[in-house]
Number of protein chains: 2
Amino acid sequence: MDDKPIPDIIIGRLPIYLLALQHFIKEGRQVTSSKELGERLGISPAQIRKDLSQFGEFGKQGTGYDIPFLLEQLRLILKVDRVWDIAVVGVGDIGHAVAGYQGFADRGFRVKLLFDKDPAKIGEQVGNFVVQDSANLVEVIKEAGIKVAMIAVPASEAQAVAQQLVQAGVKAILNYAPINLNLPSEVHVQYIDPLLHLQRMSYYLI
Amino acid sequence: MDDKPIPDIIIGRLPIYLLALQHFIKEGRQVTSSKELGERLGISPAQIRKDLSQFGEFGKQGTGYDIPFLLEQLRLILKVDRVWDIAVVGVGDIGHAVAGYQGFADRGFRVKLLFDKDPAKIGEQVGNFVVQDSANLVEVIKEAGIKVAMIAVPASEAQAVAQQLVQAGVKAILNYAPINLNLPSEVHVQYIDPLLHLQRMSYYLI
DNA sequence: TAGATTGTTAATCGATTAACAATC
DNA sequence: TAGATTGTTAATCGATTAACAATC
């Protein structure tokens, strides 16, 4: 019956709610409301209630939302109640920063494999990992059963790397290369490019 | 008369068009069409034409768009026909990666100042810069007339840093700290948080 | 009980797409 | 001329907001 998929724009706001709830937890808070959350995030209370109502009834009239309960529900919905292993391709500045970043684990992710094609980098120790040869990427990732990857190679190589990742069974890609990837529609791709954000803002300057 | 502001969602797509055109240029291409651009970017041709038509008539019926001309127009619209100096606050992994990144300059931006509050880092040489004391942030940025900044400090410090930046006259902030900033509405803020992207994609996994 | 806040419906608002005359 | 593609209008689609009965 009701198997209309939830709009992706709603899915995109859930991690923002999750993050805010984690801050509330740190502050020792127990209960919040759509009004309070909305003020904190610059989102209307109606929208927050509508978003959450797609997944169930998590609040209580007159009171609001129990923070630890809602947090747990969002973790379940977003499937970050478990830890996803990540493969990182490209060990430049970004690859290094990501490999050393400690904040992933308690939010559902963990870097597990590092690849580069530069012979000077292969075998190098970065954080807790040894950089592996990109040439073996497909079999190593397939063997490890990894579903999530980050691309941090130059734009000129990103499309080819992405296709190998798909071949290896990766279903979600976070792409730091400044180029649009054309991949099968069942593979999810997100882009991170600081320049895009900066250029968007400079429109409004002066 | 016609002074309705252009929707921000359109502004947000212009840098994507610009990037694609730069790739075309590299490939030695001279002319493109909304159809071709759309296929490359996964955006409908109608939307691309509609977006561009907000700013003028840049194409030619039957032919399409002259790439160097459209590129130049987009650079003018986005105000990246000049170079904007950037102040970076927080010299951890991200601050380092940003300071060393070479790709900004030809896309309208240039890192100019680096700040940190850690005495061990102040005075340190990073890339071509000497890390300065965050305590002097307001006066140094004001003196330099800088309007664009990046925040790469821990979440707990980000709001305070942001307020100082605003005080210093900064009008556009790219925030790497995983927290929502509450600032005057005339200040533009964009967020970069890889975890938000990853959590959004993990919803679709399995 | 009185006050607060939810979940949901209906109304509004805004963005996307389809279609086509104009024209290179 | 014939074919291609623009810029734009109108139609469609989807997202946001306002409002309120239900109820803690």
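Please read these numbers as outputs of a predicted model, since none were measured by experiment. In what follows, chains are A, B, ... by sequence order, proteins preceding strands, each numbered from 1.
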Round to the nearest Å and state the distance from [X] atom [atom1] to [N] atom [atom2].
X	N	atom1	atom2	result
K4(A)	dA15(D)	NZ	P	11 Å
F55(B)	dT6(D)	CZ	P	17 Å
F69(A)	dT6(C)	CZ	P	14 Å
I9(B)	dG14(C)	CD1	P	12 Å
K60(B)	dT8(D)	NZ	P	17 Å
F58(B)	dT23(C)	CZ	P	19 Å
E57(B)	dC24(C)	CD	P	10 Å
L70(A)	dT5(C)	CG	P	16 Å

**Message:** To the nearest 0.5 Å, what is the distance between CG on L74(A) and CZ on F58(A)?
**Reply:**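 These two atoms lie 7.0 Å from each other.
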
**Prompt:** Quick one: CG on L113(B) to CG on D85(B), what's the gap to the nearest 0.5 Å?
**Reply:**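 Answer rounded to 0.5 Å: 7.5 Å.
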
**Prompt:** With V98(B), which of L174(B), V126(B), V88(B), L114(B) fulfils side-chain contact (heavy atoms from CB on, under 4.5 Å)?
**Reply:**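 With V98(B) as partner, L174(B), V126(B), V88(B), L114(B) yield a single side-chain contact (heavy atoms from CB on, under 4.5 Å), made by V88(B).
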
**Item:** Sugar-phosphate, base or nothing in reach of P45(B), heavy atoms under 4.0 Å
**Value:** nothing

**Any-strand Watson-Crick or G-U partner of dA15(C), both distances under 3.5 Å** =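 dT12(D) is the nucleotide pairing with dA15(C).
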
**Message:** Which nucleotide, if any, forms a Watson-Crick or G-U wobble pair with dC20(C), using both distances under 3.5 Å?
**Reply:**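 Across all strands, the one nucleotide that pairs with dC20(C) is dG7(D).
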
Under 3.5 Å: donor-acceptor pair, side chain of [X], backbone of [Y]:
X	Y	answer
Y191(B)	L181(B)	yes
K79(B)	Y203(A)	yes
Q159(B)	N182(B)	yes

**Request:** Please check the phosphate of dC24(C) (OP1 and OP2 only) for any side-chain N or O of Y65(B) closer than 4.0 Å.
**Result:** no

**Message:** Testing Q30(A), E36(A), R29(A) one by one against T32(A) for a side-chain hydrogen bond (donor to acceptor under 3.5 Å, both in side chains), which residue passes?
**Reply:**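 One option only clears the test, and that one is E36(A).
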
Which pairs, protein N/O on one side and nucleotides 2-4 of chain D N/O on the other, fall under 3.5 Å?
none

Is there any protein nitrogen or oxygen under 3.5 Å from a nitrogen or oxygen in nucleotides 17-19 of chain D, and what are the pairs?
residue	atom	partner	partner atom	Å
dT17(D)	OP2	S44(A)	OG	3.0
dA19(D)	N6	R49(A)	NH2	3.2

**Prompt:** Would a 4.5 Å heavy-atom cut-off, applied to side chains only, mark L19(A) and R107(A) as touching?
**Reply:**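 Yes - at least one pair of side-chain heavy atoms lies under 4.5 Å apart.
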
**Residues within residues 10-36 of chain B bordering DNA chain D, heavy-atom distance below 4.0 Å** =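 Within residues 10-36 of chain B, the residues near DNA chain D are S33(B), S34(B).
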
**Item:** K60(A) NZ/CZ over Y65(A) ring centroid, <6.0 Å and within 45° of normal
**Value:** no

**Message:** Looking only at the side chains, is there a donor atom on one of Y204(A) and D8(B) sitting less than 3.5 Å from an acceptor on the other?
**Reply:** yes

**Fill in**
Heavy-atom closest pair (A97(A) atom, D93(B) atom, distance to 0.1 Å) is CB-CB, 3.9 Å

**Prompt:** Should K142(B) and E139(B) count as an ion pair when the cut-off is N to O under 4.0 Å?
**Reply:** no

